[in-house]
Asks: 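The structure's right below; bear with me while I get my questions together.
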Amino acid sequence: MTWHRKHLLDLQSLRAEEIVHLLDTAREFKAVGERSIKKVPALRGKTVVNLFVEPSTRTRISFELAALRLSADVINFSAEASSLKKGETLKDTARNLEALNADIIILRHGSSGAPHFLSRFLGAHVLNAGDGAHEHPTQGLLDVFTIREKKGRVEGLNVTILGDILYSRVARSNLWALSKLGAHVTLCGPPTLVPKAFEAFAPNVRVTWNVEEALRGADVINLLRIQHERQKASMFPSTGEYAALFGLNQSRMALVKPDALIMHPGPINRGVEIASAIADGPQSVILEQVTNGLAVRMAALYLVHGGRSLQVAG
Amino acid sequence: MTTPLLDAPSLRRTLERMAREIAGADPRPDLPVLVGIQRGGVAVARRLAAELAMIVGREVPCGTLDVTFYRDDLDRRAAPTVHPTEIPGDIQGRRVVLVDDVFFTGRTIRAAMDALHEFGRPSRVQLAVVIDRGHRQLPIRPDVVGHEVTTNLGQSVLVRCSEGGDGDDDGVFLREAPANAAPKDPVTSEFLSHAS
């Protein structure tokens, strides 16, 4: 297939074959990362702007390195040190960056829909690096990439996502990618953070508040961090209680299949959602997720750069 | 309309002769690494490596090279599908023979030389192609040629080559574009033969 999308805004609107094409492309970029010269000239002479209105380190450096390995020039723009603090609107900031001939704008923003908003008036390509509690498409893609690489497939696998689902854009992007590719998804966590309404996402999604039930039989367990910064009220009594009731510890590990993958998008809170020994254990693929994230972001930048607006592509 | 240029036995004889030319007079001190350009050059390279192995009496390393990231038209088109690059061992100081099915504008080979040099500095790089169809746009010329064919820009050349050499429909074919087709840009069509 040929990729025609000009932007990567969410996984909800992607077809399964587009997701697979992106994952296949990422596999070749992963091979580039294993060479002694890790750089290719695919985006030579292009300007990529990391527009991070909401702070982030790991996603920003992953995107930055991805763009550098494609030979693009990269500008990092963070809200703390910018004109946004002086009252400039997001639209004006983006237009100013475009006036510097930016070709691709990677946006991280606290408000859901901010990348979609930019894409409506910018000539540049827009990549969503996380918008509010809405989506984090490259995180969803790198999680599915890791599962596919380790398990050889996604279809038919039982994937449990455990933690803060309500405020998690990672959970939403994972849900879209996994359900489109035919995995069975179980969502688990405290009832205040895992609403039953999530079962309406797709037919192969179920919600349980029983952690033992969620762990038993899972081929993949993706642990999500509690998004303290996005919660307006206290959604559970304490992190200690969360760890006791929902944390992945040694005694719960006994329920987990010996070949199940343990995943976490980072940053991990050792002793809260995951015990230290499990995070560093043989079933953990947490650091491989970081490596794969770079390959997936290179693939996303490469494909989106070749895309034109839908009106032109027809 | 499709016209056959070479049938399966003629293609086999062509590849045998090309392998002898690659081997040269005294192949032993200078065993080459064959690298097939994705996608049409891959099967041809594997066939040549097998023929060459019979001549020199030992295995000939054979890899694949995807030139996508080094193309000069990435700005002007949708992102092409990327195929695996697998360079066998270290090419530093060795003779490398780039292998492709059809030689046309030379732009693919320009990209291939850039891509290859990311893996090391070969002592010598040669180019072997089954068909040289003319219309060069760069100062690049193949060292080993199966056949030269005179073509016009509206035509396309198809090399069908099974890796084992046992395909009944192996051969080389010349295809005419439909009469109402728009005139082709040779730059785009050169690379199109390397896209999926």
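Since the structure is predicted, the reported quantities are computational estimates derived from the model, not experimental observations. Naming: A, B, ... by sequence-line order, numbering from 1 per chain. Just so you know, these numbers use all the heavy atoms, side chains as well, and skip hydrogens, waters and symmetry mates.
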Asks: Could you look at B/Asp75 and say if it's the side chain, the backbone, both or neither that has a heavy atom under 4.5 Å from chain A?
Replies: both

Asks: Look at atom CD of B/Glu176 and say whether more than 12 heavy atoms of other residues, nucleotides or ligands are closer to it than 6.0 Å.
Replies: yes

Asks: Is a donor on one side and an acceptor on the other found under 3.5 Å between the side chain of A/Tyr302 and the backbone of B/Pro80?
Replies: yes

Asks: Below 4.5 Å, heavy atoms only, C-beta onward: do B/Thr85 and A/Arg35 meet side chain to side chain?
Replies: yes

Asks: Looking at A/Arg44, I want to see if its CZ is surrounded by more than 12 non-hydrogen atoms of other residues, nucleotides or ligands under 6.0 Å.
Replies: no

Asks: Taking all non-hydrogen atoms of both residues into account, name the closest pair between A/Pro41 and B/Phe69 and its distance.
Replies: CG-O, 3.3 Å

Asks: Looking at B/Ile87, B/Leu74, B/Val82, which makes the most heavy-atom pairs under 4.5 Å with chain A?
Replies: B/Val82

Asks: Inspect the surroundings of CG in A/Asp259 and state if more than 12 heavy atoms from other residues, nucleotides or ligands are less than 6.0 Å away.
Replies: yes

Asks: How about B/Arg17: does its CZ atom have over 12 heavy atoms from other parts shown lying under 6.0 Å from it?
Replies: yes

Asks: Tell me the closest heavy-atom pair linking B/Pro84 and A/Glu28, and the distance in Å.
Replies: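 Taking every non-hydrogen atom into account, CA-OE1, 3.1 Å.
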
Asks: Can you name the nearest heavy-atom pair linking A/Lys39 to B/Glu118, along with the distance?
Replies: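 Closest heavy-atom pair between A/Lys39 and B/Glu118: O-OE2, 3.7 Å.
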
Asks: With a cut-off of 6.0 Å (strictly less than), are more than 12 heavy atoms of other residues, nucleotides or ligands near CD of B/Glu163?
Replies: yes

Asks: Which distance, rounded to the nearest 0.5 Å, do you find between the OG1 of A/Thr2 and the CZ of B/Arg77?
Replies: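 Taking OG1 in A/Thr2 and CZ in B/Arg77, the distance rounds to 7.0 Å.
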
Asks: Give a yes or no on this: more than 12 heavy atoms of other residues, nucleotides or ligands lie within 6.0 Å of atom NZ of A/Lys150.
Replies: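 No - once you tally the heavy atoms of other residues, nucleotides and ligands closer than 6.0 Å, there are 12 at most.
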
Asks: Taking everything shown except A/Leu287 itself, do over 12 heavy atoms lie less than 6.0 Å from its CG?
Replies: no

Asks: Using non-hydrogen atoms only, which part of A/Val32 is less than 4.5 Å away from chain B: side chain, backbone, both, or neither?
Replies: side chain

